[in-house]
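Notes follow the structure.
To find a chain, count down the sequence lines: A is the first, B the second, and so on, and within it residues start at 1.
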Amino acid sequence: MERNSNFSPSSSQEGLDAKPLRSLTPMFPAPFGFNAYTQSATPPFVCVSPFAQFPGNPSFQPLAAGVLNSNGVTFAGVSDSNGPINATPISAAYRANVHSLDDEDEEEEEEEEEDEPVFTRKSSKSGRKIKRSHLGGSDGLDGTKIKRVKPVRKIFDKSLLLLPSSSNHPRETVEMVLSTFDALRRRLLQLDELEDINRRPDLRAGAIMMTNEFRANMGKRIGSIPGVEIGDIFYFRIEMCVVGLHAPSMAGIDYMTARFDHQEEPVAVCIVSSGGYENADDDVDVLVYSGQGGNNRYEEKHDQKLERGNLALEKSTYRKNEIRVVRSAKDPNCQTGKIYIYDGLYKIQDAWKEKSKSGFNVFKYKLLREPGQRDGIAVWKMTQKWIENPSLRGRVILPDLSSGIENIPVCLVNEVDHEKGPSHFTYVTKVRYSKPISSMKPSQGCRCLSVCLPGDRNCSCAQVNGGDLPYSSLGLIASRRNMIYECSDSCQCSYNCRNRVTQKGIRLHFEVFRTRNRGWGLRSWDPIRAGSFICEYTGEVIDESKVDLDDDDDDYLFQTACPGEKTLRWNYGAELAEEPSGTFSTDTYNPLPIMVSARNMGNVARFMNHSCSPNVFWQPVQHDHSDDGHPHIMFFAMKHIPPMTELTYDYGVSGKERGSGGVSRRAKRCLCGSPACRGSFG
DNA sequence: GTAACGTCAACAAC
DNA sequence: CGTTGTTGACGTTA
């Protein structure tokens, strides 16, 4: 269906004439390399580019029903049985001013009473990015409600925010923003943990991202968000802010003022369903959503008012514009609970008012999922059922590929063709060394009682890891590094110590599945949060000296070839958490002599395919000896991975291409399909 | 249970 | 009128 067919020159003209309802602020200079790149005139996903091409330009294909208007903001020219609607966003054009595009010297004009040079534009958009005033209702002449607000750090070295080769693909941009956010958040959390405090690393990381305009899809729009795909999962509300999916950091309803013919009206553009009012039934295409307000914790409950988000939803009921829906679910792997899933576009079918349990009026909106979209929450509900009862999974060849030796069964399925399974191999959960472990350098144990804790200077395991424990309290890896030393049998700490993660084995419900063109692959029924341990690469460890030519055709050989920049720079962004003087070493590729062959024996890892845009990376880990030449190869999630998404890692650049003294293997043609595909691997 | 928090739109003030 | 400054609402997170 061509949803933009009713786009006409006149409507774009309207866009030009649209007067913002609120102040305009200079968009440029783009203070950051990154920003300069997101705002270059070409990519359609940019926030707001004053020079965005006219929608008529055929080179310009938005992903969905959105079209950039002259303010660079998308809107949907919605057409349905109720007739066409021309909506031009107005209020969201808040940064459409143009002058200073080429005026790079303006970068440093604002100092905010700080000594530091500042690389952001004036923070006048809200006027409250940095505030040091008294807050609150302050009837307090006695100063009861005075709050000091720390300024959000701005970054001086813009090169910190530049990847060597940034892609212009919206998906890549969104992933880069999320990955930077998470690296920053992880580091802030790690620093907090040293002092045993919690200063909301998520919010602080988000604030740094926002202040530095390191974000994607600024400027609101109706319809889908370039680079955000149905099924994408988020672990923090702020993550949805920085990619432009849902602007309010707290409120559940995101809305904007749009122009319909000659009327200006607020319409809802995105809602986050917190789950409190989820339908009990299984209809994944219907959502009944409650309006906002009326139950503030600090005041009496009252009737909801038809204003703000509620008003916007009301208007959207009649305008029938597409509304993005984010549903929430319980994350079974994370005791803190909630996870957000982008479920695509809906339209409001019905709206009414009803009495809540406490007797006050609540607005209700019934939303119907637009047809023709790929499954979002439906995948989730399906996999949750399989986890509860694996026999519900159809097309199963083998219920447990590991024959019971893994913590959790590994399902083998084929929904594609008639292959009956991979060729024979022996499933093993541990690597086989060519020499006994007892002959290797033993680990040095810590003397921590009970569990190792961050900030404990006496913990030798923390010391050997560079002062920080490598995992968060949830068992997520904090940063990629040359080696991680877990606690071992020689340690006095207990099995529950947080520095024992990979040694406990897999925690995910894996399935080995038949891909369409890449043989067998690996995916998970569970959602996987960035930094989660996935599995080890088990098999037979081969010393480099013992490689023979036979290995040239070993498709199941792991070697530590140099991975792509996405893997290398997974920590990217963490340095933003440091004080300016701080030295944060970014570890890079460190070649290891180790190779592991999973041809004859191995585990789920041998089924992981290569991708140039991987979602998994490898990390050397020690836990049963400390011979650094023979580490365990452990895999961790690079990003949040929705259920049923194939797990892939970067096999690295082939030995030949590398031209180093490495083992030379034939490069294979890459089928990863990523926009950043290098064309070959291995 | 509760403290602390960021963003945006709306409003207020220049 | 155009622009800048201030505030309340929103709900999340640990």
May I have the distance from [X] (atom [atom1]) to [N] (atom [atom2]), rounded to whole angstrom?
| X | N | atom1 | atom2 | result |
| --- | --- | --- | --- | --- |
| A:I208 | B:dC5 | CD1 | P | 14 Å |
| A:K220 | B:dC8 | NZ | P | 7 Å |
| A:N310 | C:dA9 | CG | P | 14 Å |
| A:L245 | B:dC8 | CG | P | 14 Å |
| A:D192 | B:dA4 | CG | P | 14 Å |
| A:H246 | B:dG6 | NE2 | P | 17 Å |
| A:R221 | B:dC8 | CZ | P | 14 Å |
| A:R199 | B:dC5 | CZ | C1' | 13 Å |

Query - Heavy-atom donor-acceptor pair, A:R327 side chain to A:V284 backbone, under 3.5 Å - result: yes
Report task. State whether the side chain of A:R500 and the backbone N or O of A:C493 hold a donor-acceptor pair below 3.5 Å, judged by distance alone. Result -> yes
Is there a side-chain contact between [X] and [Y] in this structure, where contact means two heavy atoms from C-beta onward sitting under 4.5 Å apart?
| X | Y | result |
| --- | --- | --- |
| A:N321 | A:I323 | yes |
| A:Y342 | A:E229 | no |
| A:S356 | A:E354 | no |

Query raised in the report: What do you reckon, are the aromatic ring centroids of A:F533 and A:F636 less than 6.0 Å apart?
Result: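 A:F533 vs A:F636: aromatic centres under 6.0 Å.
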Report, one pair per line, the protein and nucleotides 10-13 of chain C atoms (nitrogen or oxygen only) whose separation is under 3.5 Å.
unit_1, atom_1, unit_2, atom_2, d
C:dG11, O4', A:M250, O, 3.4
C:dT12, OP1, A:S274, OG, 2.6
C:dT12, O2, A:R200, NH1, 2.9
C:dT13, OP1, A:R237, N, 3.1
C:dT13, OP2, A:Y340, OH, 2.9
C:dT13, O4', A:R200, NH2, 3.1
C:dT13, O2, A:R200, NH1, 3.0

Query - DNA chain C base-pair string [pairs: Watson-Crick or G-U under 3.5 Å; |: paired with another strand] - result: .|||||||||||||
Query raised in the report: Considering residues at least two apart in sequence or located in another chain, which fulfil the salt bridge (Lys or Arg N to Asp or Glu O under 4.0 Å) criterion with A:E265?
Result: A:K315, A:R319
Report task. Flag this pair as yes if the NZ/CZ of A:K338 is under 6.0 angstrom from the six-membered ring centre of A:Y235 and inside a 45 degree cone about the axis; otherwise no. Result -> no
Query raised in the report: Under the side-chain hydrogen bond (donor to acceptor under 3.5 Å, both in side chains) criterion, do A:K355 and A:N361 qualify, and how do the steps go?
Result: CA-CA 5 Å; A:K355 289 260 188 267; A:N361 283 336; 2.9 Å; yes
